[in-house]
Amino acid sequence: MRKSLSLLGGLIAIGSVVQAQSLQTGYVTNPESDQLYNYITAWNGGAGQLTVNSKTWDDEEFFTSRVKPRTRIERYGAGDVNNFTAETDKRILWWVPIGDPSFWAIPNSQFDSEAFSMWSYIDHYGGFSTPYGWVDAALADAAHKNGVGVSGVASVPQGGVPSNWTSCFNGLGSLYNQNQTTVPKFLLYHGVDGLTYNSEWSTTSAVMTNLNNTHQSILNYYKQQGVP
(Lines give C-alpha, C1' and ligand atoms only; values in the text may rest on other atoms or scores of the structure.)
Protein backbone atom coordinates (compact mmCIF):
# COMPACT_ATOMS: atom_id res chain seq x y z
CA MET A 1 0.00 0.00 0.00
CA ARG A 2 2.82 2.38 0.89
CA LYS A 3 4.58 1.64 -2.42
CA SER A 4 1.35 2.35 -4.33
CA LEU A 5 0.93 5.69 -2.58
CA SER A 6 4.54 6.58 -3.33
CA LEU A 7 4.05 5.77 -7.01
CA LEU A 8 0.86 7.86 -7.15
CA GLY A 9 2.68 10.74 -5.47
CA GLY A 10 5.46 10.47 -8.04
CA LEU A 11 3.02 10.58 -10.95
CA ILE A 12 1.28 13.62 -9.50
CA ALA A 13 4.64 15.34 -9.09
CA ILE A 14 5.61 14.60 -12.70
CA GLY A 15 2.27 15.95 -13.93
CA SER A 16 2.80 19.14 -11.95
CA VAL A 17 6.26 19.64 -13.47
CA VAL A 18 4.95 19.15 -17.01
CA GLN A 19 2.14 21.63 -16.42
CA ALA A 20 4.60 24.15 -14.96
CA GLN A 21 6.72 23.93 -18.13
CA SER A 22 3.88 24.84 -20.48
CA LEU A 23 4.42 27.81 -22.78
CA GLN A 24 3.70 31.14 -21.16
CA THR A 25 2.10 34.18 -22.77
CA GLY A 26 4.71 36.51 -24.21
CA TYR A 27 7.47 33.92 -24.55
CA VAL A 28 7.27 34.06 -28.36
CA THR A 29 6.59 37.26 -30.28
CA ASN A 30 4.34 36.44 -33.23
CA PRO A 31 4.74 38.16 -36.60
CA GLU A 32 2.22 40.89 -37.38
CA SER A 33 -0.30 39.69 -39.95
CA ASP A 34 -0.50 42.91 -42.01
CA GLN A 35 3.28 43.34 -42.24
CA LEU A 36 4.12 40.51 -44.66
CA TYR A 37 5.43 42.92 -47.30
CA ASN A 38 7.76 44.54 -44.76
CA TYR A 39 9.00 41.17 -43.48
CA ILE A 40 9.86 40.10 -47.02
CA THR A 41 11.69 43.32 -47.87
CA ALA A 42 13.63 43.16 -44.58
CA TRP A 43 14.42 39.45 -44.91
CA ASN A 44 18.07 38.49 -45.05
CA GLY A 45 17.73 34.88 -46.10
CA GLY A 46 17.53 33.60 -42.54
CA ALA A 47 20.86 35.11 -41.42
CA GLY A 48 20.40 37.20 -38.30
CA GLN A 49 17.40 39.05 -36.95
CA LEU A 50 14.64 40.83 -38.83
CA THR A 51 13.93 44.49 -38.15
CA VAL A 52 10.47 45.71 -39.15
CA ASN A 53 9.14 49.18 -38.38
CA SER A 54 12.20 49.84 -36.19
CA LYS A 55 11.42 46.76 -34.07
CA THR A 56 13.81 43.81 -33.96
CA TRP A 57 12.15 40.39 -34.20
CA ASP A 58 14.27 37.38 -33.22
CA ASP A 59 11.69 34.57 -33.22
CA GLU A 60 11.84 33.69 -36.93
CA GLU A 61 12.96 30.13 -36.15
CA PHE A 62 9.65 29.41 -34.40
CA PHE A 63 7.98 30.01 -37.78
CA THR A 64 10.39 28.18 -40.08
CA SER A 65 9.52 24.61 -41.04
CA ARG A 66 12.40 22.27 -41.82
CA VAL A 67 10.30 19.40 -43.18
CA LYS A 68 9.77 19.15 -46.93
CA PRO A 69 6.11 18.51 -47.91
CA ARG A 70 5.48 14.84 -48.58
CA THR A 71 3.49 13.56 -51.54
CA ARG A 72 0.90 11.19 -50.05
CA ILE A 73 -0.64 9.28 -52.95
CA GLU A 74 -0.88 9.19 -56.72
CA ARG A 75 -3.92 11.39 -57.28
CA TYR A 76 -4.81 10.11 -60.73
CA GLY A 77 -4.09 6.82 -62.44
CA ALA A 78 -3.86 3.15 -61.49
CA GLY A 79 -3.39 3.86 -57.78
CA ASP A 80 -6.55 5.94 -57.51
CA VAL A 81 -9.40 3.68 -56.34
CA ASN A 82 -12.00 6.43 -56.85
CA ASN A 83 -11.09 7.08 -60.50
CA PHE A 84 -10.73 10.81 -59.89
CA THR A 85 -9.79 13.13 -62.73
CA ALA A 86 -8.55 16.70 -62.59
CA GLU A 87 -12.13 17.79 -63.30
CA THR A 88 -13.88 15.68 -60.66
CA ASP A 89 -11.31 15.77 -57.87
CA LYS A 90 -12.10 17.73 -54.71
CA ARG A 91 -9.56 19.07 -52.25
CA ILE A 92 -10.47 19.72 -48.62
CA LEU A 93 -9.30 22.87 -46.86
CA TRP A 94 -9.43 22.67 -43.06
CA TRP A 95 -9.62 26.32 -42.00
CA VAL A 96 -10.20 26.74 -38.28
CA PRO A 97 -8.61 28.42 -35.24
CA ILE A 98 -5.78 26.37 -33.74
CA GLY A 99 -5.81 25.47 -30.05
CA ASP A 100 -5.53 28.28 -27.53
CA PRO A 101 -5.43 31.48 -29.63
CA SER A 102 -2.95 33.06 -27.24
CA PHE A 103 -0.41 30.33 -28.14
CA TRP A 104 -1.56 29.37 -31.66
CA ALA A 105 0.17 26.15 -32.69
CA ILE A 106 3.41 26.52 -30.77
CA PRO A 107 3.95 23.46 -28.49
CA ASN A 108 2.50 24.25 -25.07
CA SER A 109 2.06 20.86 -23.31
CA GLN A 110 -1.70 21.01 -23.79
CA PHE A 111 -2.95 17.80 -25.43
CA ASP A 112 -6.07 19.29 -26.99
CA SER A 113 -4.06 21.87 -28.94
CA GLU A 114 -1.33 19.49 -30.13
CA ALA A 115 -3.19 16.29 -31.08
CA PHE A 116 -4.80 16.22 -34.52
CA SER A 117 -6.12 13.02 -36.08
CA MET A 118 -7.58 14.27 -39.39
CA TRP A 119 -4.43 14.45 -41.53
CA SER A 120 -5.60 11.62 -43.80
CA TYR A 121 -8.80 13.47 -44.70
CA ILE A 122 -7.60 16.97 -45.59
CA ASP A 123 -5.36 18.47 -48.25
CA HIS A 124 -4.58 21.85 -46.72
CA TYR A 125 -4.59 23.19 -43.16
CA GLY A 126 -5.39 26.91 -43.16
CA GLY A 127 -4.56 28.29 -39.74
CA PHE A 128 -7.37 30.77 -39.08
CA SER A 129 -5.48 32.15 -36.07
CA THR A 130 -2.02 32.22 -37.68
CA PRO A 131 -0.70 35.38 -39.36
CA TYR A 132 -0.70 36.09 -43.08
CA GLY A 133 2.31 34.48 -44.74
CA TRP A 134 3.44 32.57 -41.64
CA VAL A 135 2.76 29.20 -40.02
CA ASP A 136 4.11 27.92 -36.71
CA ALA A 137 6.95 25.50 -37.48
CA ALA A 138 5.59 22.75 -35.22
CA LEU A 139 2.30 22.72 -37.13
CA ALA A 140 3.97 22.96 -40.53
CA ASP A 141 6.36 20.10 -39.74
CA ALA A 142 3.52 17.81 -38.66
CA ALA A 143 1.41 18.74 -41.67
CA HIS A 144 4.25 18.24 -44.14
CA LYS A 145 5.07 14.81 -42.71
CA ASN A 146 1.48 13.85 -43.53
CA GLY A 147 1.46 15.38 -47.01
CA VAL A 148 -0.74 18.33 -46.02
CA GLY A 149 -0.10 21.94 -47.02
CA VAL A 150 -0.36 24.84 -44.56
CA SER A 151 -1.01 28.57 -44.66
CA GLY A 152 -1.85 31.54 -42.44
CA VAL A 153 -4.71 33.96 -43.08
CA ALA A 154 -5.05 37.62 -43.98
CA SER A 155 -7.41 38.71 -41.23
CA VAL A 156 -8.86 41.68 -43.08
CA PRO A 157 -11.85 43.19 -41.23
CA GLN A 158 -15.31 42.73 -42.69
CA GLY A 159 -16.25 45.32 -45.32
CA GLY A 160 -13.63 47.44 -47.04
CA VAL A 161 -9.88 46.95 -46.92
CA PRO A 162 -8.22 49.39 -44.47
CA SER A 163 -5.07 51.29 -45.39
CA ASN A 164 -2.67 48.92 -43.59
CA TRP A 165 -3.88 45.95 -45.61
CA THR A 166 -4.03 47.95 -48.85
CA SER A 167 -0.36 48.86 -48.33
CA CYS A 168 0.51 45.22 -47.67
CA PHE A 169 -1.27 43.87 -50.76
CA ASN A 170 0.03 46.61 -53.05
CA GLY A 171 3.51 46.09 -51.63
CA LEU A 172 3.36 42.41 -52.56
CA GLY A 173 2.31 43.47 -56.05
CA SER A 174 5.32 45.76 -56.31
CA LEU A 175 7.59 42.85 -55.37
CA TYR A 176 5.99 40.83 -58.17
CA ASN A 177 6.76 43.61 -60.63
CA GLN A 178 10.39 43.66 -59.51
CA ASN A 179 10.97 39.90 -59.38
CA GLN A 180 8.29 37.24 -59.63
CA THR A 181 10.17 34.82 -57.35
CA THR A 182 10.68 37.13 -54.34
CA VAL A 183 7.44 36.30 -52.50
CA PRO A 184 7.35 32.53 -53.20
CA LYS A 185 11.01 32.13 -52.21
CA PHE A 186 10.27 33.72 -48.84
CA LEU A 187 7.21 31.53 -48.26
CA LEU A 188 8.92 28.32 -49.37
CA TYR A 189 11.93 28.97 -47.13
CA HIS A 190 9.62 29.21 -44.11
CA GLY A 191 7.54 26.17 -45.10
CA VAL A 192 4.36 28.05 -46.03
CA ASP A 193 2.34 26.47 -48.84
CA GLY A 194 0.15 29.39 -49.86
CA LEU A 195 -1.78 32.47 -48.78
CA THR A 196 -5.39 32.46 -47.56
CA TYR A 197 -7.90 35.18 -46.76
CA ASN A 198 -10.84 35.99 -44.57
CA SER A 199 -12.81 37.09 -47.62
CA GLU A 200 -15.67 39.12 -46.11
CA TRP A 201 -14.49 42.27 -47.83
CA SER A 202 -14.21 43.98 -51.20
CA THR A 203 -11.50 46.17 -52.65
CA THR A 204 -10.35 47.96 -55.79
CA SER A 205 -9.46 46.23 -59.04
CA ALA A 206 -5.86 47.44 -58.65
CA VAL A 207 -5.46 45.66 -55.32
CA MET A 208 -7.05 42.50 -56.74
CA THR A 209 -4.65 42.60 -59.68
CA ASN A 210 -1.73 42.75 -57.26
CA LEU A 211 -3.11 39.80 -55.27
CA ASN A 212 -3.75 37.75 -58.40
CA ASN A 213 -0.22 38.40 -59.63
CA THR A 214 1.21 37.42 -56.25
CA HIS A 215 -0.69 34.14 -56.21
CA GLN A 216 0.23 33.34 -59.80
CA SER A 217 3.90 33.82 -58.96
CA ILE A 218 3.54 31.41 -56.02
CA LEU A 219 1.84 28.76 -58.16
CA ASN A 220 4.44 29.08 -60.92
CA TYR A 221 7.45 28.95 -58.60
CA TYR A 222 6.16 26.07 -56.48
CA LYS A 223 5.44 24.06 -59.60
CA GLN A 224 9.00 24.68 -60.82
CA GLN A 225 10.34 23.53 -57.45
CA GLY A 226 8.24 20.37 -57.46
CA VAL A 227 6.22 21.32 -54.38
CA PRO A 228 3.12 19.03 -54.14
Side-chain angles (χ1 to χ4, degrees), residues 28-69 95 104-106 124-141 143-144 149-157 161-199 201 203-204 206-228:
V28 176
T29 300
N30 299 293
E32 299 178 32
S33 191
D34 61 354
Q35 297 296 311
L36 179 60
Y37 165 71
N38 290 326
Y39 284 114
I40 295 175
T41 55
W43 188 50
N44 48 24
Q49 298 173 325
L50 283 171
T51 299
V52 175
N53 295 333
S54 301
K55 293 188 295 185
T56 300
W57 184 60
D58 58 2
D59 288 335
E60 184 180 2
E61 285 299 317
F62 283 98
F63 301 88
T64 305
S65 172
R66 302 301 185 189
V67 177
K68 184 178 179 180
W95 200 32
W104 293 348
I106 297 174
H124 193 98
Y125 199 131
F128 196 83
S129 53
T130 57
Y132 184 55
W134 298 92
V135 176
D136 308 84
L139 170 65
D141 286 348
H144 288 164
V150 285
S151 62
V153 62
S155 51
V156 181
V161 179
S163 59
N164 58 325
W165 279 107
T166 298
S167 297
C168 179
F169 294 153
N170 286 337
L172 295 178
S174 70
L175 293 177
Y176 170 88
N177 292 329
Q178 296 169 30
N179 188 331
Q180 295 183 19
T181 65
T182 299
V183 175
K185 279 183 177 179
F186 177 89
L187 297 177
L188 187 60
Y189 174 88
H190 292 94
V192 179
D193 303 298
L195 300 173
T196 50
Y197 302 83
N198 176 19
S199 57
W201 42 270
T203 186
T204 65
V207 172
M208 288 308 304
T209 296
N210 285 325
L211 286 177
N212 288 334
N213 287 340
T214 299
H215 279 264
Q216 192 60 54
S217 71
I218 296 170
L219 290 172
N220 292 342
Y221 185 77
Y222 278 28
K223 184 176 182 179
Q224 294 171 4
Q225 300 301 313
V227 178

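Computed from a prediction, not measured in an experiment: that's the story for all the values here. We're numbering straight along the sequence, starting at 1.
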Could you tell me which residues satisfy side-chain contact (heavy atoms from CB on, under 4.5 Å) with [X], sequence neighbours excluded, listed by chain and number?
X: Q224; result: Y221
X: S151; result: H124, T196
X: T56; result: Q49, T51
X: V156; result: A154, V161, P162, W165, F169, W201

Quick one: side chain to side chain donor-acceptor pair (under 3.5 Å) partners of [X], sequence neighbours excluded?
X: N170; answer: N210
X: Q216; answer: N220
X: N179; answer: T181
X: N213; answer: none

Worksheet item: Of all residues at least two apart in sequence or in a different chain, which pass the ring pair (Phe, Tyr, Trp, His ring centres under 6.0 Å) check with Y39?
Response: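 In terms of ring pair (Phe, Tyr, Trp, His ring centres under 6.0 Å), with neighbours along the sequence ignored, Y39 is linked to W57, W134.
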Fill in: Heavy-atom closest pair, residues T130 and G127
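Heavy-atom minimum between the residues: OG1-O, 2.7 Å.
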Worksheet entry | Taking every non-hydrogen atom, the tightest pair across C168 and Y37 |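 In this case the closest contact between C168 and Y37 is O-CB, 3.8 Å.
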Value rounded to 0.5 Å, distance of [atom1] in [X] from [atom2] in [Y]:
X: I40; Y: T182; atom1: CD1; atom2: OG1; value: 8.0 Å
X: W95; Y: N198; atom1: CH2; atom2: CG; value: 5.0 Å
X: Q180; Y: I218; atom1: CD; atom2: CD1; value: 12.0 Å
X: L219; Y: K223; atom1: CG; atom2: NZ; value: 9.5 Å

For residues 185-193, which side-chain donor-acceptor pairs fall under 3.5 Å, sequence neighbours excluded?
{"from": "H190", "atom 1": "ND1", "to": "F186", "atom 2": "O", "distance (Å)": "2.8"}
{"from": "H190", "atom 1": "NE2", "to": "E60", "atom 2": "OE2", "distance (Å)": "2.7"}
{"from": "D193", "atom 1": "OD2", "to": "H144", "atom 2": "NE2", "distance (Å)": "2.7"}
{"from": "D193", "atom 1": "OD2", "to": "V150", "atom 2": "N", "distance (Å)": "2.8"}

Worksheet entry | Residues which pass salt bridge (Lys or Arg N to Asp or Glu O under 4.0 Å) with K55, listed by chain and number, not counting sequence neighbours |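 E32.
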In the structure I gave you, are the side-chain heavy atoms of [X] and [Y] within less than 4.5 Å of one another anywhere?
X: F62; Y: D136; result: no
X: Y132; Y: L195; result: yes
X: L36; Y: V183; result: no

Worksheet item: If you look only at pairs with a residue in residues 40-53, which of them pass as a salt bridge (Lys or Arg N to Asp or Glu O under 4.0 Å), with sequence neighbours excluded?
Response: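 Those involving residues 40-53 do not exist here.
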